[in-house]
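Step one of this worksheet: look at the structure below.
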Amino acid sequence: MSVLVVIECDKGEVKKSSLEVATYASQVAQQLGTTATAVAVGEATEDNLAKLGEQGISKVLYDAEPRLKDFVNGAYTKLIAAAAEQESAQVLVLANSNIGAAVGSRLSIRLKASLATNAVELPKTDGGQFVVKRGAFSGKALADVALTTDRKIIAVKKNSIEAQHEAGKTASVENFSANLTDADFADAPKEVVMQDQAGGVLLPEADLVVSGGRGMKGPENWNLIEDLAKALGAATACSKPVSDTDWRPHHEHVGQTGITISPNLYIACGISGAIQHLAGVNSSKVIVVINKDPEAPFFKAADYGIVGDVFDVLPKLTQAVKELG
Amino acid sequence: MKFLVCISNVPDTTTKITFTPDNKEFNKAGVQFVINPWDEYALTRAIELKEAQGGGTVTVLNVGEADTEPNIRKALAIGADDAIRVNAAPKDAFFVAEQIANVAKDGGYDVILMGKESIDYNGFQVHGMVGELLGIPTVAPAMKLDMSGNTATLEREIEGGKEIVEVNTPFVASCQQPMCEPRIPNMRGIMTARTKPLKVVEPTGDAPRTEVTEFALPPKKQGVKLIDAENAGELIKLLRNEAKVI
Ligand SMILES: Cc1cc2nc3c(=O)[nH]c(=O)nc-3n(C[C@H](O)[C@H](O)[C@H](O)COP(=O)(O)OP(=O)(O)OC[C@H]3O[C@@H](n4cnc5c(N)ncnc54)[C@H](O)[C@@H]3O)c2cc1C
Ligand SMILES: Cc1cc2nc3c(=O)[nH]c(=O)nc-3n(C[C@H](O)[C@H](O)[C@H](O)COP(=O)(O)OP(=O)(O)OC[C@H]3O[C@@H](n4cnc5c(N)ncnc54)[C@H](O)[C@@H]3O)c2cc1C
């Protein structure tokens, strides 16, 4: 019996959300009195994989097959299933990312496992139960879900657990092969197109986010959002009407019908705070709202607020961040 | 080509969420249910592709009890040709996926479309389960879907970018914007929907694998701390020293 965690890598680096799930997995392993092993996918370096020891991982399985650099649903599923069998994994942990959900749902069928996505806390395992708390109703509720099969799969929501770093601990890195064939790469991407990220910070992984709504008046004013984001090292986001009218690209749209984020800090500029917008951001740890209308509903969901004109307030904030150093 | 579009019946996006006194179930009293917003992309795109191909059928499928029929009729009014309802409460994602896979097996569908995720349970999982149960590829979440003969070209969203993926029928795709502009029913659609076939079938398959033991509301915010606009820089100090997030 063991706990197996899926680690996503990109350009050699382990993704931040994967450091979080590695920590989650080793804590589950401790609860169950066993060890946590990892299987890594994407483009990784041996050094960075060995550093997963800092999150409490003892061993990392890695297949250096070049076609695994990009996400391939068929091949990833087979590779991870083979790792789960080899390690007799009772619990499999992934990030609740587009990759994690795509692979986790297939694996739940292949491994006859029960699956909890969007998990926000460690499972309760006392008294033989296995109950996972997960987000539901688009951030408006939490649900405790009992997983009732022997094998369990948990996809952990980003930023729900802080990655631990025990300096100096290393994991052993082992070559691993699942004897993948061409057929396993049938759904390999023809092409991968990465976006230009403002300031290089990826929105779904960002700790800090500066977001603009219709109150920004037009795309020509987005330099105010970008300047503050750059000063903070934050990613940029927007409300739905802003991406619908092509002021900003679709991938920045957060909310019920956009992406869901849970950064440490979300700064909303000229956004009214409609319930569908809140659904995508209400699990952010700290919410700041800047709006000229004191009655804007967003203030009810905020931790800090400034009633004022974004065109006046944003430059002041950027200046203040620069002065912080 | 035969399209199967799976629709989920969910509380309207503005619903205030409350639970039954034992906190085990969502309190449906007074709640307006709608077609899951993502599923509207799947439905409209299926209809568009059928129209472009000049033939074929779009079947909508829901796993739910009789109270979901108004939204099934709405999907027919938007332009689906016929509907199937598997007569069962959707107990969990695995249970739902098995029902969908069984219907798909019997019906010989070429393309199975769904939404990215349900806005009530936020599972983001039924599509992968159905693909695996049927042994066919799933592309999720898809932002674009074009067909040429039996080959589909899709844009799949990944964190920070997109993949261009080509798959042959049969396949599963889960849809999200900006795939299409979801259609709304027109008068003629509403009239014809009344007489379109809606078949009710009984569930088959295994027991669910998960069970909600308790629902809860997230912890409430303390209330907003307002900072004077004249003194906006103060906010940054609070974020560093008090909230400790920067
Ligand atoms: C099914 C459905 C799904 C939806 N999904 C989403 C979603 O995923 N994401 C989303 O964002 N929306 C979504 N919406 C839309 C949502 O209901 C709102 O219409 C939208 O969020 C409003 O965007 P906004 O706040 O940018 O614009 P508005 O509501 O127009 O608000 C603009 C705000 O800016 C303020 N303002 C104006 N000028 C200034 C200034 N100079 N300085 C400071 N403040 C100023 C105004 O006081 C106002 O509060 C959805 C709607 C539906 C029906
Ligand atoms: C009181 C109550 C308790 C519940 N308890 C649980 C529970 O313990 N565990 C659990 O997993 N679920 C539970 N559900 C069911 C849940 O609401 C979903 O129907 C089911 O889990 C699938 O939703 P999902 O979010 O996982 O789907 P997702 O994977 O997010 O949905 C993706 C797509 O699948 C399709 N789809 C989803 N559901 C249906 C459907 N019913 N019919 C047709 N197509 C569909 C849609 O196209 C949707 O966009 C409960 C429901 C109720 C009302």
Side-chain angles (χ1 to χ4, degrees), chain A residues 71 73 97-98 101-102 105-106 108-110 114-118 131 135-138 140-149 187 189-195 197 202 204-205 208 232 250 256-257 264-265 275-276 285-286 299 301-308 312-313 316-317 320-321 324, chain B residues 13-14 17 37-38 93-94 119-129 131-133 137-141 143 156-167 176-178 209-218 221-222 224-227 229 232-233 235-240 243 245-246:
Chain A
F71 172 65
N73 208 341
S97 60
N98 284 350
S105 52
R106 290 196 88 97
S108 73
I109 300 298
R110 206 168 292 188
S114 40
L115 169 63
T117 56
N118 213 20
V131 176
F137 293 95
S138 303
K140 289 189 264 182
L142 296 162
D144 281 349
V145 185
L147 304 187
T148 56
T149 52
D187 59 342
K190 297 279 167 268
E191 196 187 338
V192 180
V193 186
M194 295 312 279
Q195 300 134 8
Q197 295 291 328
L202 217 57
E205 299 262 316
L208 311 174
L232 284 167
H250 155 71
Q256 188 103 61
T257 47
N264 292 334
L265 174 63
I275 194 158
Q276 298 93 354
K285 300 230 161 65
V286 173
F299 283 116
D303 299 283
Y304 297 95
I306 296 181
V307 179
D312 164 50
V313 171
K316 285 187 188 155
L317 295 181
V321 174
L324 268 188
Chain B
T13 54
T14 57
I17 305 299
W38 306 103
F94 170 66
I119 65 164
D120 55 355
Y121 206 67
N122 305 117
F124 194 14
Q125 56 191 340
V126 170
H127 23 75
M129 290 177 174
E132 184 71 18
L133 286 165
T138 295
V139 181
M143 302 188 285
R156 173 178 188 280
E157 183 166 61
I158 52 175
E159 275 79 7
K162 62 188 177 192
E163 289 183 351
I164 317 296
V165 186
E166 253 176 45
V167 290
Q176 70 172 47
Q177 65 168 26
R209 291 178 178 172
T210 62
E211 188 198 338
V212 174
T213 54
E214 188 176 10
F215 281 109
L217 295 176
K221 289 266 178 199
Q222 298 280 315
V224 59
K225 190 173 208 171
L226 288 177
I227 293 104
L235 170 69
I236 300 300
K237 288 191 194 124
L238 287 169
L239 292 176
R240 162 127 339 153
V245 286
I246 59 171

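Chain letters run A, B, ... following the sequence lines, proteins first, then strands; residues in each count from 1.
Listed options B:Glu214, B:His127, B:Met143 were ranked by heavy-atom pairs under 4.5 angstrom with chain A; first place goes to B:Glu214. Among B:Gln125, B:Glu132, B:Glu159, the residue with the largest count of heavy-atom pairs under 4.5 Å with chain A is B:Glu132. Between chain A and the options B:Thr138, B:Ile236, B:Val212, the largest number of non-hydrogen pairs under 4.5 Å is found for B:Ile236. Among the candidates B:Val224, B:Val139, B:Val165, the residue making the largest number of heavy-atom pairs closer than 4.5 Å to chain A is B:Val224. With respect to chain B, the highest number of heavy-atom pairs below 4.5 Å among A:Val321, A:Thr257, A:Leu265 belongs to A:Thr257. Interface check for chain B: of the options A:Thr117, A:Ile109, A:Ile275, the most heavy-atom pairs under 4.5 Å are formed by A:Ile109. Taking B:Gly123, B:Pro37, B:Pro137, B:Ala140 one by one and counting their heavy-atom pairs under 4.5 Å with chain A, the maximum is reached by B:Gly123. Of all the listed residues (A:Lys190, A:Arg110, A:Arg106, A:Lys316), the one sharing the greatest number of non-hydrogen pairs under 4.5 Å with chain B is A:Arg106. Between chain B and the options A:Val193, A:Val192, A:Asn264, heavy-atom pairs under 4.5 Å are most frequent for A:Val193. When A:Leu147, A:Val313, A:Leu115 are compared by the number of non-hydrogen pairs under 4.5 Å with chain B, A:Leu115 comes out ahead. Between chain A and the residues B:Thr213, B:Val245, B:Leu238, B:Asp120, the largest count of heavy-atom pairs under 4.5 Å involves B:Asp120. The candidate from A:Ala143, A:Ala101, A:Ala146, A:Ser97 with the greatest count of non-hydrogen atom pairs under 4.5 Å with chain B is A:Ala146.
Contacts of A:Gln256 with chain B are made by both backbone and side-chain atoms, with heavy-atom separations under 4.5 Å. For B:Pro218, the parts lying under 4.5 angstrom from a heavy atom of chain A are both the backbone and the side chain. Contacts of B:Gln177 with chain A are made by both backbone and side-chain atoms, with heavy-atom separations under 4.5 Å. In this structure, chain B has a heavy atom under 4.5 Å from the backbone of A:Ala301, while its side chain stays farther away. The contact between B:Lys162 and chain A is made by backbone and side chain atoms together, counting heavy-atom distances below 4.5 Å.
Side-chain contact between B:Ile164 and A:Pro189 is absent, with no heavy-atom pair separated by less than 4.5 Å. By the 4.5 Å heavy-atom criterion applied to side chains, B:Lys225 and A:Asp303 are not counted as neighbours. You'll find the side chain of A:Asp144 stays beyond 4.5 Å of the side chain of B:Phe215, heavy atoms only. Proximity of A:Glu191 to B:Glu166: side-chain heavy atoms (C-beta onward) are nowhere separated by under 4.5 Å. Here the side chains of B:Leu226 and A:Val307 are in contact, with some heavy-atom distance below 4.5 Å. Looking at A:Leu232 and B:Ile246, their side chains come closer than 4.5 Å, going by heavy atoms from C-beta outward. No side-chain heavy atom of B:Glu211 sits under 4.5 Å from any side-chain heavy atom of A:Val145. You'll find the side chain of B:Leu217 stays beyond 4.5 Å of the side chain of A:Lys140, heavy atoms only.
Here the OG atom belonging to A:Ser108 is positioned 8.0 Å from the CZ atom belonging to B:Phe94, to the nearest 0.5 angstrom. We find the CD-CG distance between B:Glu163 and A:Asn73 to be 9.0 Å, quoted to the nearest 0.5 Å. Considering CG of B:Leu239 and CG of A:Leu208, their distance stands at 9.5 Å, rounded to 0.5 Å. Atom CZ of A:Phe71 is separated from atom CD1 of B:Ile158 by 9.5 Å, given to the nearest 0.5 angstrom.
Residue B:Gly233 comes nearest to A:Ala320 through the heavy atom pair CA-CB, 3.6 Å, listed as atom of the first residue, atom of the second, then distance. Closest heavy-atom contact between B:Gly160 and A:Leu202: CA-CD1, 3.4 Å. Closest approach of B:Arg156 to A:Ala102, counting heavy atoms only: NH2-CB, 3.8 Å. When all heavy atoms of B:Ile17 and A:Ala141 are compared, the pair lying nearest together is CG2-CB, 4.2 Å. Heavy-atom minimum distance, A:Tyr304 versus B:Ile227: CD2-CD1, 3.9 Å.
For the pair A:Ser138 (side chain) and B:Ile119 (backbone), a donor-acceptor distance under 3.5 Å is present.
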- Going through the checks in order, is the side-chain contact (heavy atoms from CB on, under 4.5 Å) test met by A:Ser105 and B:Val126? CA-CA 7 Å; A:Ser105 52; B:Val126 170; over 6 Å; no
- Assess whether side-chain contact (heavy atoms from CB on, under 4.5 Å) is satisfied between A:Asn118 and B:Phe124, documenting all intermediate values. CA-CA 9 Å; A:Asn118 213 20; B:Phe124 194 14; over 6 Å; no
- Task: Decide side-chain contact (heavy atoms from CB on, under 4.5 Å) for A:Ile306 and B:Leu235; before the verdict, give the C-alpha distance in whole Å, the side-chain angles of both, and the deciding distance to 0.1 Å.
- Result: CA-CA 8 Å; A:Ile306 296 181; B:Leu235 170 69; 3.9 Å; yes
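Crowding of B:Lys221 atom NZ: a count of heavy atoms from other residues, nucleotides or ligands under 6.0 Å exceeding 12.
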